[in-house]
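Numbering of ligands and ligand atoms starts at 1, following listing order. The structure displayed is predicted, hence computed values, not measured ones.
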Amino acid sequence: MDNYVRIFDTTLRDGEQSPGATMTSAEKLEVARALAKLGVDVMEAGFPAASPDDLEAVRRIAVEVGNPTDGSRPPIICGLARASKNDIDKAWEAVQHAARPRIHTFLATSEIHMKYKLKMDREQVLDRVIQMVGYARSLCEDVEFSPEDAGRSDPEFLYLVLGEAIKAGATTLNIPDTVGYTTPDEFGALIEGIIKNTPGIENCIVSTHCHNDLGLATANTLAGIRAGARQAEVTINGIGERAGNTSLEEIVMALHTRRPVFNLATGIDTTQIMHVSKLVSNYTGIVVQPNKAIVGANAFAHEAGIHQDGMLKNQLTYEIMRPEMVGVTQSRLVLGKHSGRHAFKTRLSELGYPLNETDLDKAFERFKALADKKKTITDADLDALVADEFYQPSEVFVLDGLQVACGTMGMPTATVRLRGPDGATHIQAAIGTGPVDAAYKAIDAIVQAPSTLLEFAVHAVTEGIDALGEVTVRIEGTNGYHSLNAQKETERSRTFGGHGADTDIIVASAKAYLAALNKLLVVTGKYGSAETPATQGLTAWSRKE
Ligand code: KIV
Ligand code: ZN
């Protein structure tokens with residue numbers, strides 16, 4: 001058994017299935033580029049049978065990310081398919097353009113799934129696996145098979161199904177704990193049993209796929225790896241169905257930091273972790289909890305006096321990883337009002353944002369405006385500023401002006417000026433229960449995309465009264481936009497996240513709401529393509545890298 005753990009990222013498939021994580025095709029492509037730069041071995045780019053848009057998004061990733069022109073080794077681009085000919089054909093249609101394509105097909109093997117979801121008996125399941133893995137293999141050299149809900153399946157039946165899948169041509173056997181039910185001991189033993197008892201497994205890669213319902217996904221994945229799995233299926237920030245999937249950064253940094261314990265390596269460039277984490281958080285609108293391991297805002301903060309004293313004497317007293325290792329830059333005081341364009345550009349490219357000249361002009365203008373209001377600008381401010389300026393969905397409607405009146409006297413009122421997709425200016429005033437409500441009502445009256453606000457959160461990017469406020473919202477279109485969930489075989493209602501940053505939190509709130517509405521309009525096809533000046537800018541700078 002080799003000592004290399006393949007990192008299979010499923011942020012764009014299982015991650016995108018989480019509530020609010022809907023991304024446009026252009027955003028998915030950006031994330032795919034960032035994942036390739038991070039060094040993932042395999043990326044599951046989506047579930048092509050879900051809709052023509054999903055197929056097209058996977059196809060674009062296969063074409064553009066699956067065929068690097070800089071001589072680097074391409075990542076494997078994988079498409080998910082249920083065990084049906086139609087799904088497998090769609091997955092192949094999308095991924096075949098990649099230099100290294102993979103089809104990932106799955107069928108449930110637990111009694112509860114077979115009886116109630118599939119309405120099939122063991123024999124029928126076994127037969128379908130043989131047929132469909134064989135069919136996938138007739139199209140593609142690289143086939144992964146997953147017995148869904150393996151964590152609750154009878155191990156003896158699993159050995160049989162996996163053995164037949166191998167005979168039919170599967171090259172990777174992925175073992176999902178679909179509902180996050182197992183404990184580390186159990187999951188480790190399951191992998192060990194599979195490796196010991198499945199005929200032909202020595203020529204295949206065994207993989208883990210854990211969900212985090214009991215908060216055990218990372219521990220279970222590590223137990224599976226210790227038992228011999230050499231592929232880990234993970235997502236950035238641990239996003240995914242319900243409580244999420246195993247988080248990429250936790251597995252990679254555990255293997256890296258405790259190398260003497262595991263004696264295993266990955267191909268991940270750990271310094272890219274923070275950048276990709278922010279990208280995914282900004283595009284999905286799913287905020288990373290401050291105490292999240294590795295990528296949370298507090299993961300490297302040493303607040304308590306006793307800790308700070310220890311840190312000053314020797315960093316190793318309280319720090320097991322250097323923040324730079326995961327791309328967290330330590331400098332607090334970065335730039336101020338008198339900093340020039342060159343210093344600004346240099347700092348941005350150190351942070352992983354090598355902007356082209358046009359984007360740099362835009363960002364510098366924002367920086368100067370911010371520096372007028374805020375004495376010192378930190379890395380966190382720069383991250384928020386770039387995210388606000390560039391990591392936005394298609395700007396169908398752009399906020400052009402906002403004025404509010406609020407307080408204890410009179411009715412909270414907002415006047416909003418938006419530039420529409422036709423370039424025309426729209427002005428609307430509204431009253432509400434507060435200034436944010438009034439602004440949202442005014443925006444609704446212009447945009448006319450009925451939606452329900454599901455979540456609204458504000459946080460300060462840095463400390464201090466002059467801090468930038470960052471607002472995240474999640475909305476659901478009331479006219480219903482659905483997409484097919486691969487596992488539940490149901491149509492699910494999609495929700496859309498948006499974020500905005502400004503020293504004025506009402507402005508940040510309006511920007512966040514508009515970003516979510518714009519995404520809803522683009523994804524539901526009301527305003528065509530997701531290729532906007534903002535995302536085109538991003539694409540251009542990523543290509544330069
Ligand atoms: O959780 C799961 O079982 C899955 C499979 C499709 C691999 O996501
Ligand atoms: Zn899953």
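Asp14 contributes atom OD2 as its closest N/O/S atom to the Zn ion (ligand 2). Restricting His209 to its N/O/S atoms, the shortest distance to the Zn ion (ligand 2) is reached by NE2.
A side-chain donor-acceptor contact under 3.5 Å links Thr11 and Asp9. In this model, a donor atom of one side chain and an acceptor atom of the other lie less than 3.5 Å apart for Tyr135 and Asp89. No donor-acceptor contact under 3.5 angstrom links the side chains of Glu241 and His211, judged on distance only. Side-chain contact check for Lys292 and Ser247: at least one donor-acceptor pair (N or O, by modelled atom type) lies under 3.5 Å. Side-chain contact, Ser72 with Asp70: a donor N or O sits under 3.5 Å from an acceptor N or O.
Not one N, O or S atom of Glu233 sits under 2.8 Å from the Zn ion (ligand 2).
What sits closest to atom 1 (O) of ligand 1 on the protein, heavy atoms only, is His211 NE2, 3.0 Å. The protein heavy atom nearest to atom 3 (O) of ligand 1 is Thr178 OG1, 2.6 Å. The protein heavy atom nearest to atom 8 (O) of ligand 1 is Arg13 NH2, 2.9 Å.
Checked for salt-bridge contact, Glu93 and Lys90 miss the test: no charged N lies under 4.0 Å from a carboxylate O.
Against a heavy-atom cut-off of under 4.0 Å, Pro176 is close to the following atoms of ligand 1: 2 (C), 3 (O). Proximity to Asp14 (heavy-atom distance under 4.0 Å) selects the following atoms of ligand 1: 8 (O).
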- request: Might you work through the side chain to side chain contact (heavy atoms under 4.5 Å, CB included) test for Met253 and Ile273, ending with a clear yes or no?
  value: CA-CA 10 Å; Met253 291 315 291; Ile273 286 177; 4.0 Å; yes
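Residue His209 has at least one N or O atom closer than 3.5 Å to an N or O atom of ligand 1.
Here Glu233 has no heavy atoms under 4.0 Å from ligand 1, in either its backbone or its side chain.
In Ile112, the CD1 atom is not crowded: 12 or fewer heavy atoms of neighbouring residues, nucleotides or ligands sit closer than 6.0 Å.
Remark: among candidates Gln17, Glu241, Gln487, Glu148, the nearest residue to atom 2 (C) of ligand 1 is Gln487, based on non-hydrogen atoms.
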